[in-house]
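This is a predicted model, so every value here is computed, not measured. By convention here, the first residue in the shown sequence is residue 1. Counting starts at 1 for both ligands and their atoms, following the listed order.
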Amino acid sequence: MISSIDDLPPALAASVTPDEKRHIESMGLLPFAVTPHFASLASPEADDPIRRQFFPDPREAIPDPFALDDPLGESLHRAAPCLVHQYRNRALLLAARACAGYCRHCFRRVWISRDRGPRSGDWAAYLAAHTEIREVLVSGGDPLTMDNDGLAELFGRLRDVRPGVVLRLCTRAPITEPGRLDAGTINMLAGFRPLWMSVHINHPRELSSPSRDALGECVRAGIPVKVQTVLLRGINDEPATLAGLFRDCLDLGMSPYYLFQLDLAPGTAHFRVPLGRGLAIYRELGRLIPGPPAYAVDLPGGGGKIALHENVIAGERVSGKGAEYVLRDKDGRDWHYPAE
Ligand SMILES: *Cc1c(COP(=O)(O)O)cnc(C)c1O
Ligand code: SF4
């Protein structure tokens, strides 16, 4: 893991501006860290879509009136310290606090930045008692920061508690550190089917040939791979870019799953694509590719995921924070998301 400017590839290290350097050194919530592999995909230009995803940006320090420490309202659905139970038949286990590298747009930055280690013991009793849960999302952080023995032990415990439960491994490591997904790891994962993988991929250039190989192997090993993408300003907010990404994913046998409107985590406002523009991009995307992902947002404040389309917008208002859209869910409840 690269966590200082001096360890970056020379061309990238030379591209660091004094402003960025100051910011990296006085890092706020989320540390600067990138894998050598992901750094090798970046070019030195300030607007490079790979570089921008891991280079701290001075704009992270600008206060955002809309920012929330718990943007998804997960604490409202916390069943145990590491377990979130929001939807009846599936639960989310926050199994790791670290990642192979850190995405500047991360919505879990507050969770990751806390140094409390995972408390894996507390969830078992809850899962045992709640037999309506049929699927456990194993997320974090990135669970692939654990070694294979640790992961196998965790999956084994989940199956001891709830035989037959579907496992969903949520990870970005196949992109940031494709070597982590070697034959031994894929074999281990395939041994825990029914298991599928949800991989976070934002830009076609992230699908380097080692990543393609590793993900293609997963699919061949019977591990379905679905792709989650975060809509990011200046990175993938063009229909052609997203269409290229999802076409490549389909070619590899992976299915586009979610395109997420940005969550309101602190220090990420400069990545936000205005919702109105997001809807226009999504409309165009539907014309360019078959089987586009669902465009969705996790409603700020704990309302859960909602599919985004014109009819969800019930109006606009100006609050103390600024201009907002009113989003109406299927139960008729109103939620708010910034207009810009
Ligand atoms: C996103 C999420 C899930 C999974 O939802 P899907 O629509 O099945 O991807 C489950 N639990 C929580 C808390 C989530 O945020
Ligand atoms: S891999 Fe996921 S959890 Fe880790 S920094 Fe990136 S967005 Fe956050």
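- Residue Val84 has at least one heavy-atom neighbour below 4.0 Å for each of these atoms of ligand 1: 13 (C).
- A donor-acceptor pair shorter than 3.5 Å can be found between the side chains of Glu206 and Gln53.
- Listed by chain and number, Cys103 SG are the protein N/O/S atoms closer than 2.8 Å to atom 6 (Fe) of ligand 2, with waters left out.
- Salt bridge Asp329/Arg333: present, at least one basic N to carboxylate O contact under 4.0 Å.
- Ligand 1 has an N or O atom lying under 3.5 Å from an N or O atom of Arg90, backbone or side chain.
- Nearest protein heavy-atom contact of atom 7 (O) of ligand 1 is Tyr258 OH, 2.6 Å.
- Look at Arg272 and Asp64 and you find a salt bridge, because one of the NZ, NE, NH1 or NH2 atoms lies within 4.0 Å of a carboxylate O, short of that distance.
- Only the side chain of Leu137 comes within 4.0 Å of ligand 1, judged by heavy-atom distances.
- A donor-acceptor pair under 3.5 Å links the side-chain atoms of Arg162 to the main chain of His130, judged by distance alone.
- Near Lys305, with a cut-off below 4.0 Å to any heavy atom, the atoms of ligand 1 are 1 (C), 2 (C), 3 (C), 4 (C), 5 (O), 14 (C), 15 (O).
- Within ligand 1, the atoms closer than 4.0 Å to a non-hydrogen atom of Tyr257 are 6 (P), 7 (O), 8 (O), 9 (O), numbered from 1 in the order shown.
- Taking distance alone, with nitrogen or oxygen atoms compared against 3.5 Å, Gln228 stays at or beyond that limit from ligand 1.
- Among all heavy-atom pairs drawn from His336 and Pro300, the shortest one is O-CG, 3.4 Å.
- In this structure, Arg168 is part of the shell of residues with a heavy atom less than 4.0 angstrom from ligand 1.
- Judged purely by distance below 3.5 Å, without hydrogens or angles, the side chains of His200 and Thr171 never pair a donor atom with an acceptor atom.
- A salt bridge is defined here as a Lys NZ or Arg NE, NH1 or NH2 lying under 4.0 Å from an Asp or Glu carboxylate O, and Glu74 with Arg108 meets this definition.
- Ion pairing between Arg109 and Glu60 holds under the 4.0 Å rule for side-chain N and carboxylate O.
- Between the side chains of Arg51 and Ser15, a donor-acceptor pair is found at a separation under 3.5 Å.
- Remark: ligand 1 atoms within the under-4.0 Å shell around heavy atoms of Tyr87 are 2 (C), 3 (C), 10 (C), 11 (N), 12 (C), 14 (C).
- At a cut-off of 3.5 Å, with distance as the only test, a side-chain donor of Gln261 or Tyr295 sits close to an acceptor on the other residue.
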